[in-house]
*Asks:* 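Submitted below is the structure of interest, expressed as structure tokens.
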Number of protein chains: 2
Amino acid sequence: MATIYDVAQRAQVSPATVSRVLNGRASVDPDMVVRVQDAVRELNYRPNSVARNLRRSRTTLWTVIISDVGNPFFTAMVRGVEDVAQRAGYSVVLCNSDEDPAKEAQYVTAALQDQMAGVIISSSGHAANVNRLIEAGTPVVAIDRQISGANVDSVLVDNEHGAHMATAHLLERGYRRIACITGPRKVSTAAQRLRGYQQALREQGFATPAALVRYSDYREEGGYAAMASLLDAGDPPDAVFAANNLMTVGAVECVVDRGIAVPAGMGVIGFDDIPWAHLVRPSLSTVSQPTYELGRTAAMLLAERITEPDRPASTVTLQTTLKVRESSLKP
Amino acid sequence: MATIYDVAQRAQVSPATVSRVLNGRASVDPDMVVRVQDAVRELNYRPNSVARNLRRSRTTLWTVIISDVGNPFFTAMVRGVEDVAQRAGYSVVLCNSDEDPAKEAQYVTAALQDQMAGVIISSSGHAANVNRLIEAGTPVVAIDRQISGANVDSVLVDNEHGAHMATAHLLERGYRRIACITGPRKVSTAAQRLRGYQQALREQGFATPAALVRYSDYREEGGYAAMASLLDAGDPPDAVFAANNLMTVGAVECVVDRGIAVPAGMGVIGFDDIPWAHLVRPSLSTVSQPTYELGRTAAMLLAERITEPDRPASTVTLQTTLKVRESSLKP
DNA sequence: CTGAAAGCGCTAACAT
DNA sequence: ATGTTAGCGCTTTCAG
């Protein structure tokens, strides 16, 4: 690979001048500019960004830490991040923590070592990781999941409200024993969606027995198992609200396997869409999230924080929408 | 951030010794090892990998270039890559080319500038990009899509055979006017799957009229449009083979919108699974690919090429499986 | 406006 | 076995 010295030599100028031409930061004699550009072309010179990064002590890389690449919710979100990142001149390193705080910690360490320009994180719960980044001065944005005990830019959705809508809708349709399958205890969205569910029940004068609540893992298998456990317990539910898309799929599979009809024998509604929800029979009612927009917003917040490191942290909350399809329509 | 000099000073040794302890490359006096380790801990020292990379003139980053992050096929593949990469000490930068050769070229340029340790690419067709990498000495593995005119390690599936199985299955079930919706002309998988389809027809003595073939874009909307075009032409098909998962979904949507029954009025089979194919009604018959394994294999090949740059390029072809579900069962 | 020179933090000869 | 030293390729003062 040609270096900046090769270009300088060929263009009969100093390396400093080549650098100036390349970065357009200072004014350079037009003749020299042309000579440098010619030399760059002739040598097929591309600046070595590793050297540049070392010198500037920053990179043009963002780390995005999500908890499940297998979940279309996160990939759609990442798409939103990438589109903004690319436009702003950053590349995105995608990291999959698998809901494992240890893996998450590893990725945070890597982000620190690699001098990442910024981090967007959907944290599995512990504030410690995020605080390490903040202390090191790395710009961070929390996405999808709140981080208690860290003062950080955040992009969230109205989880409580969404869960409330879903539950109220089931009540309105005549379901009376409504169960809730929520996510891991440490994850903010799990707690908030559970709270929205409980509140909707209470408002209508219904009890919120713990027997109808299951904490699970936001995965398909977890949703299946939780549903099985609800059905095996005495006095099973007549409807279920599942706190994410994959668990909804798992729950439906379980219900189908048991030969229970949806929505007649069991009403189902889930938080977050799955692709092709409309092709599934019965089609799945959901609380729909602005997934792509979530990513875009986080990316914009990160870009802003990078240019203005000292402004106060802000939290953006996006709205969810109730999508009533067949699975929640009690005949 | 603490540097290696800070650690050296605190441990009363030279920076070189700290480096040796950290990298475990040479033998160091046990006492010093302990002193260094203590200093590292006390200063919370993490090596700056940008500096390390510059010095070693290589990084521990892989670039994975795929054509659609929104397609679960690619994300599952990436999961396979990541699992192997992480174990081998590499991080993965995921890049989304959106089937756009220009975007792909940008990412290749970035990979070159950033001194990426290796690249796994599902190319949109032009060998030029891949050749730039090879000429620069960057280890490359082609995944999912063949690159003609480049001598490169490749991991593929038996596209022709898979398409052949799908088409033969439709014939066997009694469908007689079978259409094919394939991918972009430049993409190797599109050509191969089309060829498998044609061959199966010819073997059974059927014609392969161009009127029953559509080139599309491997996207849901494209599948929908291609199906619409097939239905609007005179003498419409009684079955369709779609060359990827998203186009299958689009085709089914179109058929449903037109009020045609699947599989009675229209048989449908697709290449590559979609998640929850079994929940969709009618459930979709598919040619299933070992997606995760594809990623794993590519990653292993890349790791091997990095350690042995001069060995001859090899091509691994994985098998596909016919998954007969409801959508292809003519009553 | 331009060039010389100093380093960013680390590793790998080389010397001891 | 350990330390000294010279860069990796680039940007950015600082002089001129």
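Within every chain, numbering begins at 1; the chains are lettered A, B, ... in the order of the sequence lines, protein sequences first and strands thereafter. Here the structure is a predicted model, which is why all the values come from computation and not from measurement. We use all heavy atoms of the structure for the numbers below, so side chains are in, but hydrogens, waters and symmetry mates are not.
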*Asks:* Measure from the side-chain N and O atoms of B:Arg10 to the backbone N and O of B:Arg35, and report whether any donor-acceptor pair falls under 3.5 Å.
*Replies:*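 A pair under 3.5 Å: no.
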*Asks:* With respect to B:Val78, which candidate in B:Thr291, B:Val69, B:Ile66 satisfies the side chain to side chain contact (heavy atoms under 4.5 Å, CB included) definition?
*Replies:*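 Of the listed options, the one satisfying the test is B:Ile66.
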*Asks:* Is there a side-chain contact between A:Ser14 and the phosphate of C:dA4, meaning an N or O under 4.0 Å from OP1 or OP2?
*Replies:*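 So the side chain of A:Ser14 is outside the cut-off, no N or O lying under 4.0 Å from OP1 or OP2 of C:dA4.
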*Asks:* Expressed in angstrom and rounded to an integer, what is the separation of A:Arg58 atom CZ from C:dC8 atom C1'?
*Replies:*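 In whole Å, C:dC8 C1' and A:Arg58 CZ are 13 Å from each other.
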*Asks:* Considering heavy-atom distances to DNA chain C, does A:Tyr5 or A:Gln12 have its closest nucleotide positioned more toward the 5' end?
*Replies:*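 Going by which nucleotide is closer to the 5' end, it is A:Gln12.
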*Asks:* In whole Å, I'd like the distance from the CZ atom of B:Arg35 to the C1' atom of D:dG3.
*Replies:*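 Value for this atom pair: 13 Å.
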*Asks:* Tell me, do B:Asn244 and B:Thr189 make a side-chain contact under 4.5 Å, heavy atoms counted?
*Replies:*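 No, every pair of side-chain atoms sits at 4.5 Å or beyond.
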*Asks:* Nearest whole Å is fine: how far is C:dG9 P from A:Asn53 CG?
*Replies:*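 The distance from CG of A:Asn53 to P of C:dG9 comes to 13 Å, rounded to the nearest Å.
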*Asks:* A:Ser57 near the nucleic acid: base, sugar-phosphate alone, or nothing, with a heavy-atom cut-off under 4.0 Å?
*Replies:*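 It contacts nothing in the nucleic acid.
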*Asks:* Between B:Arg55 (CZ) and C:dG9 (C1'), how many Å, whole number?
*Replies:*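 Rounded to whole Å, this separation is 11 Å.
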*Asks:* Side chains of A:Arg79 and B:Asp68: closer than 4.5 Å at any heavy-atom pair?
*Replies:*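 Answer yes - side chains close enough.
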*Asks:* If we only count heavy atoms from C-beta on, is the B:Glu104 to B:His126 side-chain gap below 4.5 Å?
*Replies:*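 No, their side chains stay 4.5 Å or more apart.
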*Asks:* Can you measure B:Gln115 atom CD to C:dC10 atom P for me and round it to whole angstrom units?
*Replies:*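 Distance, rounded to whole Å: 18 Å.
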*Asks:* Should A:Thr17 be listed as having a side-chain N or O under 4.0 Å from OP1 or OP2 of C:dG3?
*Replies:*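 A:Thr17 to C:dG3 OP1/OP2: side-chain N or O found under 4.0 Å.
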*Asks:* Is there a side-chain polar atom (N or O) of B:Arg52 under 4.0 Å from OP1 or OP2 of C:dG9?
*Replies:*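 No, B:Arg52 has no side-chain N/O under 4.0 Å of OP1/OP2 on C:dG9.
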*Asks:* For A:Leu54 and D:dT12, what is the distance between atoms CG and P respectively, to the nearest whole Å?
*Replies:*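 That distance rounds to 12 Å.
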*Asks:* What is the distance, rounded to the nearest whole Å, between atom CD1 of A:Ile4 and atom C1' of C:dG7?
*Replies:*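 That distance rounds to 15 Å.
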*Asks:* Across the strands shown, which category fits B:Val13 at heavy-atom distances under 4.0 angstrom: base, sugar-phosphate, nothing?
*Replies:*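 Touches sugar-phosphate only.
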*Asks:* Among D:dT12, D:dG3, C:dC10, find the nucleotide with the atom closest to the side chain of B:Asn48.
*Replies:*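 When the side chain of B:Asn48 is considered, C:dC10 is the closest of D:dT12, D:dG3, C:dC10.
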*Asks:* At 4.0 Å (heavy atoms only), tell me whether A:Val28 reaches a base, stays on the sugar-phosphate, or touches nothing.
*Replies:*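 Sugar-phosphate contact only - A:Val28 comes under 4.0 Å of backbone atoms but never of a base.
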*Asks:* Side chains of B:Tyr90 and B:Val84: does their closest heavy-atom pair fall under 4.5 Å?
*Replies:*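 With C-beta onward as the side chain, the pair stays apart.
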*Asks:* Using only heavy-atom distances, determine whether the side chains of A:Asn71 and A:Tyr218 contain a donor-acceptor pair under 3.5 Å.
*Replies:*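 Looking only at side-chain atoms, A:Tyr218 and A:Asn71 do not form any donor-acceptor pair under 3.5 Å.
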*Asks:* Please determine if a side-chain N or O atom of B:Ser19 lies less than 4.0 Å away from the OP1 or OP2 oxygen of C:dT11.
*Replies:*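 True: B:Ser19 side-chain N/O within range (under 4.0 Å) of C:dT11 OP1/OP2.
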*Asks:* Kindly calculate the angle separating the two end axes of the helix from C:dC1-D:dG16 to C:dT16-D:dA1, each obtained from five base pairs, and round it to 10 degrees.
*Replies:*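 Roughly 40° between the end axes, to the nearest 10°.
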*Asks:* May I ask you to test the A:Leu22-A:Val40 pair for a side-chain heavy-atom distance under 4.5 Å?
*Replies:*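 Result yes, sub-4.5 Å side-chain heavy-atom pair found.
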*Asks:* Starting at CD of B:Gln113 and ending at P of D:dT11, how long is that distance when rounded to a whole Å?
*Replies:*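 Answer to the nearest Å: 11 Å.
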*Asks:* For B:Arg56 and for B:Ala26, find the nucleotide of DNA chain D with the closest heavy atom, then tell me which residue's nucleotide is more 5'.
*Replies:*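 Its nearest nucleotide being more 5', the pick is B:Ala26.
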*Asks:* Return the 5'-most residue of the pair A:Ala16, B:Arg20 with respect to DNA chain D, ranking by each residue's nearest nucleotide.
*Replies:*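 Result of the comparison: B:Arg20.
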